[in-house]
Amino acid sequence: MRRLPAAVVALALVGCEGVVLDDPASPGRATTASYEPGPAVLPRLTTRQYHRSVEDLLGGPVPESAVEADTTPFLFASIGAGSTTLSARGAQQLEEAAHVAADAVFADEARRVALVGCTPASADDPCARAFVARFLRRAFRRPIEHDELERWTTLARAETDPWRGLASLVAGVLQSPSFVYRVELGEPDPTRPGWSRLHRHELASRLAFVLWGRIPDDALLDAAERGVLDTHEGLRHEARRLLDDERARETVRAFFREYLGLSALDALDRDPTLFPSFTPALGRSMRGEIERLVEHVVFEQDGDFRAIFDSPVTFVDAPLAALYELPITLEDADEEGFVRVTLPAEGVRAGLLTTAGFLAAQAHPNLTSPTRRGKFVRERLLCQLVADPPQDVELDLGEAEDDDGRPRTLRERLAVHRENPACATCHAQIDPIGLGMEDFDAIGAHRTLEAGRAIDARGDLDALAFEGARELGELMRHDGRVPACVTRQLFRHAIGRLEEERERRAIEELTERFAESGFRFRELLFALVTSEAFRTVRTTEEEAR
Amino acid sequence: MKLSRRAMLRGALGGAVCTMGLPLLDAMLDTHGTAHADGTSLPKRFAVFFWANGLPWHGAHGHGRPDHWTPSTIGAGWSATPLLSPFAGIEPTIDVITGLEPHTEIPGDPPGQGDGHMRGCAVALTSDRPRSEGFHHPDHVFAFNRATIDQVIAAHPDFAGRSILGTQPRFRSIELAVSPARFHDYGHWNAISHRGPDMLNLPMRSARELFAHLFGVPADTAVLGRRASVLDVVADDARALRRRLGGRDRERLDAHLEHVGEIQTRLRAGVAACTTPAMPGESSGDLIAELEAQTRLLALAMSCDLTRVASMMLTSPATTHVFRDAGVAGGMHQVVHDGDWDATYRVTQRQMQALRVFLDVLASVPDHDGGTLLDSMVVYATSEYGEGTTHSNREHPVILAGGARGALARGIHAREPGGNLAKVHVTILRALGIDTPSYGFHGAETSEAVPGLLA
């Protein structure tokens with residue numbers, strides 16, 4: 001196997017001259033600074049977290065109302081949830097959604113009795129009071145004070161019909177900031193100035209949202225209140241319980257959907273004259289394949305995460321099998337029509353970079369884009385920065401045909417990028433990667449010809465030559481920058497903001513733990529949620545006073 | 001005459017009819033029908049119309065292509081050029097402003113600040129550059145540094161303070177978008193209306209969603225009263241939480257609290273005094289048909305004072321929208337960058353046809369004073385840069401429509417090569433009666449309006 005140079009490219013960036021540089025806090029940059037906690041954020045629940053939590057609180061599905069769409073700065077909804085402010089319409093949507101959900105449950109006699117646990121005679125009978133206390137504690141994920149209980153109970157008292165009163169209370173709680181925001185302030189650590197430790201219930205809440213994408217269950221809240229999470233063993237035990245639960249799968253899937261940009265596949269648009277077989281449903285099949293591939297590696301195999309780059313196993317439904325020219329029988333298909341297949345050992349496909357989903361999402365409606373494919377590898381998989389084009393530069397790729405009237409290949413046309421000095425320094429870092437995948441068209445079908453000319457699919461990555469997406473996948477599999485990069489992205493996803501310089505040490509340690517585990521992604525998650533960085537925040541000035 | 005205005009009004013467009021009742025009784029107008037009986041003026045309205053990827057490049061950009069945009073004469077009496085041909089016949093009501101460009105400084109660090117999509121969109125809508133620390137190129141995060149002009153107007157006391165019959169509009173502003181295509185689905189690319197930094201007003205994307213927002217309120221006022229009371233406790237809870245938070249989080253919660261107060265006011269005011277129109281059908285996917293359906297509802301909402309400020313994002317910055325109906329096979333961003341001038345030309349002309357439909361719908365609705373809804377408005381139509389292929393902000397395109405009840409001169413072509421784009425904002429704000437000594441930020445500050453446009 002080819003070996004990568006130990007030194008990682010790390011150039012200065014001046015305009016577009018030095019071109020690829022490591023993102024700050026990137027792998028490859030040695031650091032001696034010790035870990036210091038970063039600031040607390042006040043995330044709103046993401047749309048997924050909101051809907052799952054409402055379901056959990058109300059004991060089952062409710063009519064799903066629209067709530068304000070997530071923004072995903074720096075790839076992740078969790079970062080948008082901690083940085084953007086709810087809009088006026090967003091507040092109105094929360095108000096409406098809360099009443100729709102509460103009304104749906106309280107209009108159904110069986111459901112309201114199941115939720116409340118008894119039939120209340122008034123807002124102040126023991127039955128109603130017990131329900132309110134229990135409901136508030138779960139919704140707000142913390143102990144409830146007497147004043148607070150009283151305040152909310154006034155809503156129930158305002159109605160002569162106790163059911164109607166409780167419905168109002170539930171609708172209020174579901175739009176209350178104590179439910180909609182996650183408070184993670186911690187309390188100052190007397191032994192370490194500037195450090196705060198999350199309160200036990202804040203930690204329980206963070207664990208549940210990061211691992212399950214929803215509010216904690218009663219078992220976790222009870223454990224937190226008993227002090228279980230205060231001990232190393234207790235925290236590890238609860239983290240392991242959550243991680244082993246089915247609900248962790250959905251969260252991992254959501255992380256990869258955001259990290260790899262898979263939602264773009266839901267709205268894929270291809271030129272029907274060039275790709276008559278393409279339908280929007282095929283785009284969704286492509287997303288399904290990548291999600292299953294990741295779940296297979298992370299959960300079924302619980303093995304080396306890097307296998308997503310060279311896995312011979314993948315998952316296809318009938319339309320994808322046709323695209324890949326794979327014979328399949330649908331007898332063993334899952335509920336969405338996917339079957340597990342082992343790709344031919346000598347074939348052109350294995351791993352993420354050979355999936356139609358990656359190849360198509362990083363292409364245009366009517367042609368491939370070596371630039372986009374190369375940028376994805378640099379930016380997403382290696383966590384490097386590529387400068388954007390300078391202003392006022394001519395971007396015309398030139399004539400589609402050569403002097404003899406023969407169609408020019410995209411490789412030939414893109415040569416402009418490497419000949420024009422204004423473009424060359426940047427494109428020399430991205431195009432050679434993407435050009436090595438030119439044997440796959442804009443819907444990810446394999447091809448040997450482009451406009452009647454033989455495809456040249458030779459590429460190179462930092463002076464390592466490869467040919468075709470499958471060989472590039474092998475390079476990725478053995479590139480130390482890849483696991484370091486995914487660790488950083490997972491950290492951002494979990495913490496809900498970009499890391500600070502002083503947090504780099506924590507990410508490096510996590511990367512080391514990841515490697516020690518044999519790159520098992522579940523072990524990375526486990527290491528993350530039990531790490532000091534997960535449990536601490538910087539003390540705010542207000543608290544320090 | 002007065003009776004017919006007060007009765008059902010019918011505005012016909014393309015054979016379809018929208019019917020509405022007016023909340024404002026003509027008896028409460030003065031004898032000329034141009035102001036309230038107490039002498040306060042009738043409301044003005046404002047809308048942004050945004051299209052993507054600028055214009056096809058031409059001689060003024062230094063590429064030797066013919067200029068099919070800029071009218072050949074300056075001042076009143078311009079006539080439509082090929083790209084402006086959708087406005088043929090209504091030139092006397094449209095102002096075209098050419099030659100301007102952003103005067104905001106571009107910081108060198110972090111890299112990418114000069115990128116036209118980002119900077120051009122921010123500058124056209126705020127007269128400021130994007131927030132440098134909110135800019136991250138690999139992930140294409142893009143953060144506005146301040147409120148966009150629609151939100152500045154909506155919140156300004158000189159504007160928001162005016163009322164009909166003593167009530168405020170139910171909605172401070174309405175945000176709309178037509179094309180679902182996005183260069184990046186990161187949220188920050190999906191909103192051209194911002195209340196402040198990281199305060200996005202994400203647009204509604206369909207006429208149905210807009211219908212539900214405007215009219216989907218239960219008529220049962222007992223229910224509304226109960227919902228308003230629930231919000232008392234929600235607000236108490238927010239205030240209790242607020243005491244525990246630090247500065248920036250407190251601001252976010254304050255905004256939330258303010259929204260809760262607005263919802264409460266709306267609930268207590270009861271249902272709108274607007275005739276509810278028919279629910280629109282599902283979108284056919286046709287860009288202009290969807291635009292028209294949304295604009296009809298918007299016009300109704302403005303006519304019965306549900307709102308006075310709106311933004312319409314036909315296509316989002318750097319859109320990947322495929323204009324197959326204009327004979328273009330690739331996504332717009334791609335064909336512009338590939339240097340496909342013909343495709344860029346056709347796509348731009350299609351977007352101007354859409355703007356014409358937007359204006360026609362607004363002009364088809366009668367206003368209380370006998371003019372049209374459009375006559376009461378300023379419509380500010382613009383894009384994120386002068387020309388897309390080289391990411392250039394020079395020759396930034398601007399169209400102003402609507403007369404702002406006589407405050408804005410119409411039918412003018414104003415031209416000032418290299419002039420400050422912020423002058424357009426000064427012009428709009430002054431036309432709407434907002435006291436504006438100067439506008440613009442980070443090098444774009446100016447006290448001048450575009451000459452000849454303020455009547």
Side-chain angles (χ1 to χ4, degrees), chain A residues 13 15 23 40 42 68-75 80 83-92 95 99 148 151-152 154-155 158 168 171-172 175-178 181 183 185 263-264 267 269 271 273-274 364-367 379 385-397 540-542, chain B residues 111-112 114-116 134 136-139 141 143 171-172 175 180-181 185-188 190 195-196 198-202 204 209 213 226-227 229-231 233-234 236-238 240-241 244-246 249 251-253 255-256 259-260 262-263 320 322 329-331 334 337-339 389-392:
Chain A
L13 184 120
D23 207 342
L42 181 73
E68 183 146 293
D70 297 324
T71 61
T72 55
F74 307 101
L75 305 182
S83 59
T84 53
T85 299
L86 188 71
S87 73
R89 190 161 66 93
Q92 179 172 334
E95 197 264 345
H99 284 280
E148 229 173 348
R151 189 188 325 137
W152 285 100
T154 56
L155 275 178
S168 281
Q175 56 182 308
S176 159
S178 296
Y181 293 86
V183 180
L185 297 173
S263 63
D269 186 354
D271 187 344
T273 59
L274 294 174
H364 295 303
N366 58 346
L367 78 168
E379 293 178 343
L385 292 177
V386 178
D388 48 314
Q391 279 222 49
D392 287 327
V393 65
E394 186 59 68
L395 292 163
D396 192 338
L397 288 180
T540 62
E541 284 171 24
E542 285 88 349
Chain B
D115 185 312
H136 189 257
H137 195 264
D139 301 324
V141 174
F171 302 103
R172 230 174 66 129
E175 290 75 38
D185 204 16
Y186 292 153
H188 291 68
N190 298 344
R195 200 153 159 163
D198 286 321
M199 300 172 82
L200 295 76
N201 293 321
L202 293 170
M204 289 174 267
E209 205 181 339
H213 184 64
R226 194 149 59 229
R227 282 167 56 167
S229 309
V230 169
L231 286 167
V233 183
V234 171
D236 283 347
D237 182 65
L241 176 60
R244 303 177 52 205
L245 301 175
D249 292 337
E251 282 171 28
R252 291 175 66 215
L253 207 62
H256 193 145
H259 302 330
V260 167
E262 287 171 20
I263 299 167
T320 54
V322 182
Q334 168 207 349
H337 276 323
D338 284 354
T389 186
T390 66
H391 279 194
S392 168

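Each chain gets a letter, A, B and so on, in the order the sequences are listed, and its residues count up from 1. Please read these numbers as outputs of a predicted model, since none were measured by experiment.
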Chemist: Please find the pair of heavy atoms, one from A/G80 and one from A/T84, that lie closest to each other, and give the distance.
Modeler: O-OG1, 2.7 Å
Chemist: Count the heavy-atom pairs under 4.5 Å between each of B/L241, B/V233, B/I263 and chain A, then report the option with the highest count.
Modeler: B/V233
Chemist: Where does A/A69 contact chain B at under 4.5 Å (heavy atoms): side chain, backbone, both or neither?
Modeler: both
Chemist: Which bit of B/R226 comes within less than 4.5 Å of chain A, counting heavy atoms only: side chain, backbone, both or neither?
Modeler: side chain
Chemist: Between B/D198 and B/A143, which heavy-atom pair has the shortest distance, and what is it?
Modeler: OD1-CB, 4.3 Å
Chemist: Under a 4.5 Å heavy-atom cutoff, which of B/R172, B/R195, B/R244 has the most pairs with chain A?
Modeler: B/R244
Chemist: Mind listing the closest non-hydrogen atom pair of A/R151 and B/A240 along with its distance?
Modeler: NH2-CB, 3.8 Å
Chemist: If you count heavy-atom pairs under 4.5 Å with chain A, which of B/R227, B/H213, B/E262, B/H256 comes out on top?
Modeler: B/R227
Chemist: Please give me the minimum heavy-atom distance between B/L200 and A/S87, naming the atom from each residue.
Modeler: O-CB, 3.5 Å
Chemist: Given the options B/V322, B/D237, B/L231, B/V230, which has more heavy-atom pairs under 4.5 Å with chain A than any of the others?
Modeler: B/D237
Chemist: For chain B, which candidate among A/A264, A/P177, A/S168, A/S178 shows the most heavy-atom pairs at distances under 4.5 Å?
Modeler: A/P177
Chemist: Tell me, side chain or backbone of B/A181 under 4.5 Å from chain A's heavy atoms, or both, or neither?
Modeler: neither
Chemist: State, to 0.1 Å, how close B/G331 and A/P365 come at their nearest heavy-atom pair, and which atoms those are.
Modeler: N-CG, 3.6 Å
Chemist: In terms of heavy-atom proximity below 4.5 Å to chain A, should B/E175 be classed as side chain, backbone, both, or neither?
Modeler: neither
Chemist: Non-hydrogen atoms of chain B under 4.5 Å away: do they reach the side chain of A/L42, the backbone, both or neither?
Modeler: both
Chemist: Can you list everything that forms a side-chain hydrogen bond (donor to acceptor under 3.5 Å, both in side chains) with A/T85? Sequence neighbours excluded, please.
Modeler: none
Chemist: Where do A/E68 and A/L86 come nearest, in terms of heavy atoms and distance?
Modeler: OE2-CA, 3.8 Å
Chemist: Does any heavy atom of chain B fall under 4.5 Å from the side chain of A/T154, the backbone, both, or neither of them?
Modeler: side chain
Chemist: Please determine, among A/L155, A/D271, A/L367, the option with the most heavy-atom pairs under 4.5 Å with chain B.
Modeler: A/L155
Chemist: Test of understanding: with ring-ring contact (aromatic ring centres under 6.0 Å, His included), list the residues that count as partners of B/H259, not counting sequence neighbours.
Modeler: none
